[in-house]
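Just so we're clear, the structure is a prediction, and the values are computed from it rather than from any experiment. FYI, the numbering just counts along the sequence from 1.
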Amino acid sequence: MFDLKLLSKLLRPSLKDLQRIPGFQAAKRICSTLAEFGTEGYPTDTKRRLMILNMIAYLIAITTLIYAIQHTFLDYEKYKPVIWINIALVGTSIAVPFSHRINDMVGGLIIVVTELLALVAFCYYLGRSAGVHLQLFIAAAAPFVVFGLKRLWLIIPIIIIAVGLHLYAWFQFSDDYARIHADPDVINSIYVQAAITTFALIAATVYYAFTLTEQAKAQVDSLLRNILPEDIVERLKLQPDATIADNFSEASILFADITGFVALARQLGAKKTVATLNEIVTAFDALSVKHGVEKIKTIGDAYMAAAGVPQTVPDHTARLARLALDMQAHLKDMRESTGLALNMRIGIASGPIMAGIIGKKKFSYDIWGDAVNLAARLEGLSEPGRILMCPSCRENLNDSFQFESKGLVQIKGVGEQEAWFLTAAK
């Protein structure tokens with residue numbers, strides 16, 4: 001049986017080797033620059049469509065220029081009309097990227113009108129045996145990419161016109177009607193080139209369309225995975241309209257809040273405040289990934305994370321404990337390097353929780369339950385630079401960490417219970 005995985009492993013080194021070829025990356029950048037020429041300022045979807053149109057225009061320019069050169073060396077006087085039609089096509093194709101400065105329709109219309117007219121003209125001069133009318137098949141695919149699905153009112157007439165011109169060329173321009181009586185070898189050569197060009201342009205159109213679509217999907221997918229847990233993203237893909245709601249019998253929740261940040265923000269100003277918060281949250285996000293913890297959200301200078309959701313894990317409390325210690329260590333390093341009065345209170349609690357997706361617009365993955373409320377209360381009762389935990393957390397961690405008792409504390413909605421400061425990992 002054919003093994004795709006084995007094939008991918010065999011191909012992977014060769015692709016890496018290809019990227020090491022001198023000039024490969026430079027050529028890739030040049031192609032990217034050419035594709036994007038004239039598309040500045042357009043929305044992303046329109047820009048992608050215009051990039052495909054640019055590549056089609058460049059392919060047309062290259063192939064028609066080759067035809068013009070071939071016929072010039074073959075017999076300039078005999079093939080002069082064909083040569084100059086090809087040269088005109090080269091000029092109009094090169095003009096396509098510049099036409100985007102007018103609007104996003106002009107370039108596509110230039111390609112469609114000039115190609116339809118030129119192909120009929122070629123058939124007029126060379127006859128149907130040259131096979132140039134085969135290139136009208138490109139109209140079955142290219143208009144969808146060039147104009148976008150929202151312009152069916154334009155695409156459908158173009159396809160109908162192309163079919164009509166193809167049939168007209170076949171029945172009207174027989175070999176006896178041809179204005180240029182070319183040698184059979186030349187006709188065969190033109191037919192082969194026309195067939196190759198037709199296949200190449202259709203394949204290139206579909207390739208670029210799918211490539212840019214896949215890139216767009218990858219960007220959206222990456223953005224979605226930055227907002228939601230990976231497992232939740234996969235579930236939403238399978239059932240986009242399904243309600244995501246789960247119960248977890250045991251999980252751990254962390255609340256962290258920077259003390260005195262409002263006063264610090266007034267001192268720093270908006271720009272430095274955002275930069276400082278961004279640095280802190282970015283570091284915390286990296287630590288969450290490192291310890292296998294799910295970031296839930298940030299609210300101002302507060303950070304909320306959970307372990308054991310959306311996938312249950314046996315060491316959920318230990319993961320949050322290690323995260324909390326690293327968070328405090330990072331903030332200490334920032335405090336020493338910047339001189340800013342950065343201190344953080346952290347509260348961690350364990351217990352049953354519920355989790356799910358809330359909202360349809362600007363939706364989010366959130367968690368609820370007594371353990372969530374308890375973690376928030378413990379964060380408020382903690383002290384700057386310290387991590388306060390509930391008895392369940394203390395029990396889950398056993399002797400793998402060091403603790404210091406805070407004694408009995410009064411917790412709103414819970415009553416009086418003992419709480420513990422996490423001090424270090426053993």
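Checked by atom type and distance alone, the side chain of Asn278 never pairs as donor or acceptor with a backbone atom of Val274 at under 3.5 Å. In terms of modelled atom types and a separation under 3.5 Å, the side chain of Arg319 and the main chain of Gly292 share a donor-acceptor contact. In this structure, Tyr58 contributes its side chain and Leu34 its backbone to a donor-acceptor pair below 3.5 Å. Remark: the backbone N or O of Asn86 is not paired with any side-chain donor or acceptor of Tyr67 at under 3.5 angstrom. Within the 3.5 Å criterion, the main-chain N or O of Gly308 finds no donor-acceptor partner in the side chain of Thr312. No donor-acceptor pair under 3.5 Å is formed between the side chain of Ser382 and the backbone N or O of Leu378. At distances below 3.5 Å, at least one donor-acceptor pair connects side-chain atoms of Asn103 with backbone N or O atoms of Val106. For Ser400 (side chain) and Leu397 (main-chain N/O), a donor-acceptor pair under 3.5 Å exists by modelled atom type.
Minimum heavy-atom separation, Ala318 to Phe401: O-CZ, 4.1 Å. The minimum heavy-atom distance linking Ile346 with Ala256 is given by the pair CG1-CB, 3.8 Å. Residues Ile138 and Pro143 approach most closely at O-CD, 4.0 Å, considering heavy atoms. Looking at every heavy atom in both residues, Ala425 comes nearest to Leu325 through N-CD1, 3.8 Å.
Glu279 CD to His330 NE2: the interatomic distance, rounded to the nearest 0.5 Å, is 5.5 Å.
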Decide side-chain contact (heavy atoms from CB on, under 4.5 Å) for Cys390 and Gln417; before the verdict, give the C-alpha distance in whole Å, the side-chain angles of both, and the deciding distance to 0.1 Å.
CA-CA 8 Å; Cys390 71; Gln417 69 172 30; 4.1 Å; yes
Step-by-step salt bridge (charged side-chain N to carboxylate O under 4.0 Å, His left out) determination, Asp315 to Arg322:
CA-CA 11 Å; Asp315 61 337; Arg322 288 190 287 268; 3.7 Å; yes
Between Glu115 and Leu89, is the side-chain contact (heavy atoms from CB on, under 4.5 Å) condition met? List the steps.
CA-CA 8 Å; Glu115 279 295 311; Leu89 280 175; 3.5 Å; yes
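Of the candidates Lys332, Arg335, Arg386, Asn343 forms a side chain to side chain donor-acceptor pair (under 3.5 Å) with just one, namely Arg335.
Side-chain contact, Ser350 with Thr317: a donor N or O sits under 3.5 Å from an acceptor N or O. Donor-acceptor pairing under 3.5 Å is recorded for the side chains of Glu418 and Ser405.
Here the side chains of Thr63 and Ile196 are not in contact, with every heavy-atom distance at 4.5 Å or above. At a threshold of 4.5 Å between non-hydrogen side-chain atoms, the residues Leu50 and Lys47 do not count as touching. Between Ile258 and Tyr303 there is no side-chain heavy-atom pair separated by less than 4.5 Å. By the 4.5 Å heavy-atom criterion applied to side chains, Thr39 and Met51 are counted as neighbours.
Figure legend: Arg101 and Phe37 shown as a cation-pi pair, the cationic atom lying under 6.0 angstrom from the six-membered ring centre and within 45 degrees of its axis.
In the displayed structure, Lys426 atom NZ is contacted under 6.0 Å by more than 12 heavy atoms of other residues, nucleotides or ligands. Remark: Gln402 CD is packed, more than 12 non-hydrogen atoms of other residues, nucleotides or ligands lying under 6.0 Å away. The environment of CH2 in Trp368 is crowded: more than 12 heavy-atom neighbours from other residues, nucleotides or ligands sit within 6.0 Å. No more than 12 heavy atoms of other residues, nucleotides or ligands lie within 6.0 Å of OH in Tyr191, so this atom counts as exposed by the packing criterion.
Considering only residues two or more places apart in sequence or on other chains, Ala162 meets the side-chain contact (heavy atoms from CB on, under 4.5 Å) condition with Leu116, Ala139.
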